[in-house]
Each structure stands twice: as structure tokens, then as C-alpha cells.
Amino acid sequence: MKFVLLESRGGDYMVVVENIAWLRTGENGQTNVGMVGGSPLLVVGSIEETAKTIQGG
């Protein structure tokens, strides 16, 4: 099981990579991260930056 740290303005999230279902552009330069079986997370950064973080780059 691989975890990734996603930074948020309201507090950071440590999520299991396999539980991420989708990415969508959010407001103010943020990204919505869809979680399997849960509510989306609003994290700091563009889709490209978030995807790079998730992929480990």
C-alpha cells in the first residue's frame, strides 16, 4: 500500500494512492481529488502538480 502526502490549505492529507479515482480543477489554483468511497479532497496545486506528486515525482 503506497501513501502520498497531499497538501491542503485547511490541513494536509495522507492518502492511499490506490484510492484516488480522479482529479478535477478546483478554485483558486487548487485541485479536487476524487476518492473511492468518499468525498473529494480540495488540495493545493494544479492538476499537473498534483498528478506529479501522486506519481512520486
Side-chain angles (χ1 to χ4, degrees):
M1 186 178 321
K2 180 181 173 188
F3 286 87
V4 64
L5 177 66
L6 298 176
E7 297 179 2
S8 171
R9 293 183 181 154
D12 298 340
Y13 298 99
M14 184 70 78
V15 299
V16 176
V17 172
E18 292 84 7
N19 288 345
I20 298 173
W22 49 264
L23 302 176
R24 181 182 304 154
T25 300
E27 56 188 33
N28 300 321
Q30 299 178 89
T31 298
N32 286 302
V33 179
M35 302 302 296
V36 174
S39 299
L41 308 174
L42 185 62
V43 300
V44 174
S46 68
I47 288 178
E48 293 82 7
E49 293 167 339
T50 304
K52 186 181 279 189
T53 299
I54 292 167
Q55 293 174 345

Can you list everything that forms a side-chain contact (heavy atoms from CB on, under 4.5 Å) with Val15? Sequence neighbours excluded, please.
Val4, Leu6, Tyr13, Ile20, Met35, Leu41
Would you name the heavy atoms of Arg9 and Gln30 that are closest together and state the gap between them?
NH1-NE2, 3.3 Å
Kindly compute the distance separating OG1 (Thr25) from CD1 (Ile47), expressed to the nearest 0.5 Å.
3.5 Å
Interatomic spacing from CZ in Arg24 to CG in Leu42 - rounded to 0.5 Å
11.5 Å
Rest of the hydrophobic cluster containing Met14 (Ile/Leu/Val/Met/Phe/Trp/Tyr, side-chain heavy atoms under 4.5 Å)?
Met1, Phe3, Leu5, Val16
List the atom of Ala21, the atom of Val36, and the distance in Å for their closest heavy-atom pair.
CB-CG2, 4.0 Å
When you compare the side chain of Ile54 with that of Leu23, does any pair of heavy atoms fall below 4.5 Å?
yes
Quick one: list whatever passes side chain to side chain donor-acceptor pair (under 3.5 Å) with Glu48, sequence neighbours left out.
Ser46
